[in-house]
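Read through the structure below, which is laid out as structure tokens, and then see the notes.
Basis for what follows: all heavy atoms, side chains included, without hydrogens, waters or symmetry-related copies.
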Amino acid sequence: MPAQMEKSLTAGALPEQEKAETPALGLYLHVPFCATTCEYCAFFQVRPEGDDLGRFLRDIDTELALVPGLLPVQTVFWGGGTPGLLPAKHLAELCASVRGKLVAAPLEWSVEMAPGTVTRDRLAALRDGGVTRISLGVQSLQPGLLEALGRRHSREQALRAYELVRAAGFASVNLDLIFAVPGQDSECWIRDLEAAIALAPDHISTYCLTFEEDTALFVKLSQGKVKPDAEKEAAFYEATWDTLGSAGFAQYEISNYARPGHACRHNLATWGMQEWLGFGPAAASQHGGWRYQNPPNLPAWRDDIAAGRRGTAERVALCPELLAADALIFGLRCNAGVDLAVTQRRFPAPAWPGYRALAARLVGEGLGEWAAPEVLRLTRRGRLLADSVGTAVLEV
Ligand code: SF4
């Protein structure tokens with residue numbers, strides 16, 4: 001991805017990947033281990049047993065070797081699960097494996113860490129291994145809410161983890177926060193935001209709590225113990241925009257805010273329908289004309305890679321129709337909006353007259369506006385209804 005993308009993230013600017021003619025390439029690695037399961041978790045993760053962690057390194061080496069040659073990767077992202085559950089020695093080995101697969105050092109290399117796993121030696125292993133960005137899963141700094149979310153760390157641990165990450169000298173640090181948690185009111189959320197701002201991170205991600213099937217929270221929802229409140233959620237969104245905006249964090253996507261130069265390049269490339277290769281169980285890829293996923297199951301993934309197979313789940317051939325719709329859905333969630341002319345040229349689907357009619361309708365209804373003659377972006381009201389806008393794109 002072009003280096004200048006970093007500068008393009010003030011509202012109204014067009015992300016560079018939307019202009020790019022050659023797709024950028026990212027590498028995603030899913031570390032599928034967590035010590036316990038959070039109440040709201042819908043990600044694929046298991047509790048490690050026996051030699052699972054050591055074996056994971058060997059399995060990743062096997063999977064990396066299934067993709068021929070060195071990869072011209074611009075961004076790397078390790079998510080999970082909890083990558084920080086790996087001991088420092090394993091983290092250093094995993095960094096070396098990934099580095100050994102790349103043509104050159106990536107422009108950005110992010111690793112998600114849970115506060116309870118942050119130690120000096122793990123951070124040193126990651127930093128020395130080439131990692132440039134740590135995303136710390138703080139979620140809340142209120143003890144009661146951390147308990148409601150089923151998180152294992154305390155407020156003090158989160159603050160200490162942040163201090164250690166900063167002291168280790170990474171180029172960029174993100175804090176993940178969650179809002180609309182049962183029992184949380186606006187004042188309580190603003191207190192969390194202000195506490196996060198006071199730490200002076202480079203990036204803040206704020207996620208609205210969702211009730212995904214097969215989670216402990218979903219069970220509580222079906223028992224009537226908790227319930228979502230759309231009006232309250234909208235108030236949380238607006239409070240977030242105002243609080244973070246006035247503290248110098250520009251929103252560049254519905255859930256993401258950054259100081260200048262610190263937007264997450266990997267995620268921007270993904271939303272801009274660039275290409276990425278995913279490794280590890282449940283990891284998705286979009287590459288070479290296909291979108292696919294590794295099985296979200298540790299033994300099935302191991303069997304696949306032992307047999308020389310990758311991406312055997314959810315295989316879909318990429319076509320202009322699919323990519324145009326997704327470029328609009330994800331692009332409109334970004335504050336910069338979507339250049340319709342560029343996107344139509346990249347993905348010339350028959351639905352474009354319908355997309356243009358939808359654009360006119362969104363502007364007419366006050367949900368969209370023209371940032372430039374061909375650049376459609378959502379208004380503040382439109383961003384509150386971004387999910388409905390996405391549905392409207394799919395209905396064209
Ligand atoms: S740390 Fe993340 S992946 Fe692990 S259980 Fe909690 S939400 Fe899920």
Side-chain angles (χ1 to χ4, degrees), residues 1-11 13-30 67 70-79 98-99 101-112 130-135 171-172 174 176 202-203 205 250-280 283-293 311 316 318 320 322-340 342-343 345-347 375 377 390:
M1 187 179 313
Q4 64 269 33
M5 177 192 278
E6 202 172 51
K7 299 191 205 116
S8 69
L9 296 161
T10 49
L14 186 66
E16 288 297 320
Q17 84 273 16
E18 293 220 358
K19 299 178 191 164
E21 301 296 339
T22 311
L25 181 62
L27 187 153
Y28 175 76
L29 194 148
H30 191 80
V67 179
L70 295 181
L71 302 172
V73 158
Q74 285 133 326
T75 60
V76 176
F77 197 108
W78 293 3
V98 168
R99 262 197 337 267
K101 192 67 192 167
L102 308 184
V103 170
L107 298 172
E108 175 191 275
W109 185 334
S110 300
V111 174
E112 288 179 349
V131 172
T132 62
R133 182 174 183 272
I134 295 292
S135 179
S172 207
N174 170 56
D176 270 355
D202 306 296
H203 188 288
S205 297
Q251 186 190 29
Y252 67 97
E253 197 266 349
I254 294 281
S255 306
N256 289 284
Y257 302 77
R259 293 189 188 284
H262 288 277
C264 177
R265 295 161 184 253
H266 183 86
N267 286 341
L268 276 169
T270 306
W271 301 325
M273 293 301 111
Q274 304 294 311
E275 295 201 320
W276 67 95
L277 287 164
F279 296 88
S285 301
Q286 175 159 295
H287 188 249
W290 292 89
R291 189 179 287 175
Y292 48 82
Q293 200 188 345
V316 180
L318 292 174
L322 177 68
L323 290 167
D326 284 351
L328 285 167
I329 292 168
F330 289 98
L332 287 174
R333 294 175 66 86
C334 295
N335 293 49
V338 177
D339 187 319
L340 300 187
V342 170
T343 309
R345 198 169 66 239
R346 286 177 69 200
F347 310 123
V375 180
R377 70 180 175 203

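- Put simply, the side chain of Arg346 never gets that close to the backbone of Ala324: no donor and acceptor are under 3.5 Å apart.
- Partners of Glu108 under the salt bridge (Lys or Arg N to Asp or Glu O under 4.0 Å) rule, at least two apart in sequence or in another chain, do not exist in this structure.
- With hydrogens and angles ignored, the 3.5 Å screen pairs a side-chain donor or acceptor of Gln274 with a backbone N or O of Ala24.
- How far CG of Leu27 is from NE2 of His287: 10.5 Å, rounded to the nearest 0.5 Å.
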Quick one, Phe330 with Glu253, criterion side-chain contact (heavy atoms from CB on, under 4.5 Å). Give me CA distance, side-chain angles, the key distance, then yes/no.
CA-CA 9 Å; Phe330 289 98; Glu253 197 266 349; 5.9 Å; no
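- Atom-to-atom distance recorded for Asn335:CG and Gln251:CD is 4.0 Å, nearest 0.5 angstrom.
- When every heavy atom of His30 is checked against every heavy atom of Ala283, the shortest pair comes out as CB-CB, 4.2 Å.
- A pairwise comparison of heavy atoms in Leu268 and Cys334 identifies CD2-SG, 4.5 Å as the closest pair.
- With sequence neighbours excluded, the residues that form a ring pair (Phe, Tyr, Trp, His ring centres under 6.0 Å) with His203 are Tyr252.
- Rounding to the nearest 0.5 Å gives a distance of 7.0 Å between CZ of Arg259 and CG of Asp202.
- Listed for the Trp276 side chain is no donor-acceptor partner under 3.5 Å among the backbone atoms of Val76.
- Closest approach of Ser135 to Asn174, counting heavy atoms only: OG-ND2, 2.8 Å.
- Distance CG/Leu318 to CG/Leu323: 5.0 Å, rounded to 0.5 Å.
- With hydrogens and angles ignored, the 3.5 Å screen pairs no side-chain donor or acceptor of Asp339 with any backbone N or O of Val375.
- Across every non-hydrogen atom of Ser285 and Gly278, the tightest pair is OG-N, 2.8 Å.
- Of all heavy-atom pairs spanning Leu332 and Val338, the tightest one is N-CG2, 3.6 Å.
- A distance of 6.0 Å separates OG in Ser255 from CZ in Arg333, rounded to the nearest 0.5 Å.
- Using a 4.5 Å cut-off on side-chain heavy atoms (C-beta onward), Phe279 and Val98 make no contact.
- Thr132 places a side-chain N or O within 3.5 Å of a backbone atom of Trp109 that can act as its donor or acceptor partner.
- Remark: Leu277 CG to Leu25 CG distance equals 5.0 Å, nearest 0.5 Å.
- Arg291 meets the side chain to side chain donor-acceptor pair (under 3.5 Å) test with Gln286, Asp326; sequence neighbours excluded.
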Practice item. Under the side-chain contact (heavy atoms from CB on, under 4.5 Å) rule, what do Phe77 and Cys264 come out as? Steps first, then yes or no, please. Key: CA-CA 10 Å; Phe77 197 108; Cys264 177; 4.3 Å; yes
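- The two residues Ser205 and Asp176 come nearest to each other via the heavy atoms CB-OD1, 3.2 Å.
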Check your understanding: Stepwise, does the side-chain contact (heavy atoms from CB on, under 4.5 Å) test hold for Leu322 with Val316?
Key -> CA-CA 10 Å; Leu322 177 68; Val316 180; 4.0 Å; yes
Self-check item: Test side-chain contact (heavy atoms from CB on, under 4.5 Å) applied to Thr270 and Tyr28, step by step
Solution: CA-CA 10 Å; Thr270 306; Tyr28 175 76; over 6 Å; no
